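Every value quoted in this text rests on a predicted model; they were computed, and no experiment measured them. Here is how names work: the chains are called A, B, and so on, in the same order as the sequence lines, proteins then strands, and each is numbered from 1.
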Protein chains: 2
Amino acid sequence: MSETRWLTSCEQEVWRAFITAADALTDQFARQLQRDSGMPYTYYEILVALSEAPNRTLRMSELAGARGSSRSRLSHAVARLEEAGWVTRSTCPTDKRGSFAQLTEEGFAALEAAAPGHVTEVREKLFDVLSAEQVGQLGEISKAILRGLGVPDPPGCPAGEPGR
Amino acid sequence: MSETRWLTSCEQEVWRAFITAADALTDQFARQLQRDSGMPYTYYEILVALSEAPNRTLRMSELAGARGSSRSRLSHAVARLEEAGWVTRSTCPTDKRGSFAQLTEEGFAALEAAAPGHVTEVREKLFDVLSAEQVGQLGEISKAILRGLGVPDPPGCPAGEPGR
DNA sequence: GTGTACTGGTTGAACTCTCAATAAAGTTGG
DNA sequence: CCAACTTTATTGAGAGTTCAACCAGTACAC
């Protein structure tokens, strides 16, 4: 054990600004979604993940792994989503321990209804306040953090592509 | 109402990397604190805010405002911190509606015990994985986001100060 | 003064998340 | 084959957050 390497005042400032901004931002999005679409942000993410999967279906464990969610959390969440009629569960025929979660039409409709408001919020509160250069920097910084945490980052846009 | 301005694929990638990184990072810190010091991150922040206040005392509303916490949340949290013996409450003599929260010696000791582990985590998982340039960029980006959200950012280090 | 509105803070219920325990199905090695 | 282990998913209790409702106490008006 060595001595604690304390933060310099500059680092402290950056740290506080970052944690405050990240927190306020996620809070903003969570509230917007809850208010306008009646779903927590984590549930929205589940619906998004399912909507992008082949046949709009994923194993519970894949769904949990897709974002850093625990199995337990997912069980509770999907139970709730099933109540809402947005997802159905079925057991895997080849491995009877496993469960599939599938997005229903209602779930997809709910997602489509929620998406515009959410995207608008992300654009206004994040991309509109940053320069193109800063957006690039933020991407690099985020990836560096993810690497440091041992989270695999998805491959992406090779810096210069027009996009969409 | 105009058309939704959707995200380009590059923007999507940055957005996901950012939200994932911010999430994983805060999660990491929250777990580390809970595991090693038995307190949630928000409680740690409350103790920090109190420790920096004159006489280690703040009005409940100031404490709530200091970070984006609701009054209700603070009431519950401080009630819990009082149970733990880390904070005491007293009514304001000039305005009998108001309450003061004051950090106890035990609370200060708990904070001092928790700080090194937390700071070490912040250094390893954030500052060690970024270049000095990126740290500066992250500071600017965070401040821009805060401005966009209407959150006043504290004044700071004028770019070039050695720090601490 | 009394009525009205506002502010500071607390409370309770509903909900989400975490952690530990559990059940059930699959895997491995003698 | 069967016992020990691992994996997949669920469950229940406990803790924190949110939202709405709620008391005081204060401020402003007439």
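Taking atom CD of E62(B) as the reference point, atom P of dG9(C) lies 9 Å away to the nearest angstrom. Protein atom CZ of F100(B) is 13 Å distant from nucleotide atom P of dG8(C), rounded to whole Å. Whole-Å rounding puts the M39(A) CE to dT18(D) P distance at 19 Å. Rounded to an integer number of Å, the gap from CZ of R80(B) to P of dG14(D) is 12 Å. Regarding R97(A), its CZ atom lies at a distance of 12 Å from the C1' atom of dC5(D), rounded to whole Å. Rounded to whole Å, atom P of dA9(D) lies 15 Å from atom NZ of K96(A). Rounded to a whole Å, the OH atom of Y41(A) is 16 Å from the C1' atom of dT16(C). To the nearest angstrom, C1' of dT17(D) lies 11 Å from CD of Q34(A).
Contacts of T94(B) with the nucleic acid, taken as non-hydrogen atoms under 4.0 Å apart, involve only primed sugar atoms and P, OP1 or OP2. Looking at heavy-atom distances under 4.0 Å, S75(A) makes contact with a base. Residue contacts shown for S69(B) are absent, as no nucleic acid heavy atom lies under 4.0 Å away. Among the atoms of the strands shown, none is found under 4.0 Å from any heavy atom of R35(B).
Without hydrogens or angle criteria, Q34(B) side chain to R31(B) main chain gives no donor-acceptor distance under 3.5 Å.
Contact of S72(A) with dT11(D) (side chain to base): a donor-acceptor pair of N or O atoms is detected under 3.5 Å. Between the side chain of R73(A) and the base of dT18(C), no donor-acceptor pair of N or O atoms lies under 3.5 Å.
The pair E52(A)-R16(B) meets the salt-bridge criterion, since a charged nitrogen lies less than 4.0 angstrom from a carboxylate oxygen. One finds a salt bridge joining D128(A) and R5(B) here, because a Lys/Arg side-chain nitrogen approaches an Asp/Glu carboxylate oxygen to under 4.0 Å.
Taking the six-membered ring for Trp and thresholds of 30 and 60 degrees, H118(A) and Y41(A) have ring planes inclined between 30 and 60 degrees apart.
Heavy-atom distances to DNA chain C give each of D95(B) and H76(B) a nearest nucleotide, and the one nearer the 5′ end belongs to D95(B). Ranked by how close their nearest DNA chain D nucleotide is to the 5' end, R31(A) and P40(B) are led by P40(B). Residues A79(B) and Y43(A) each lie close to DNA chain C; by heavy-atom proximity, the contact nearer the 5' end of the strand is made by A79(B). Along DNA chain D, the nucleotide closest to D27(A) and the one closest to G98(A) are compared, and the more 5′ of them pairs with G98(A).
The phosphate of dC17(C) (OP1 or OP2) has no side-chain N or O of S70(A) nearer than 4.0 angstrom.
Note: I19(A) CD1 to S142(B) OG = 9.5 Å, rounded to the nearest 0.5 Å.
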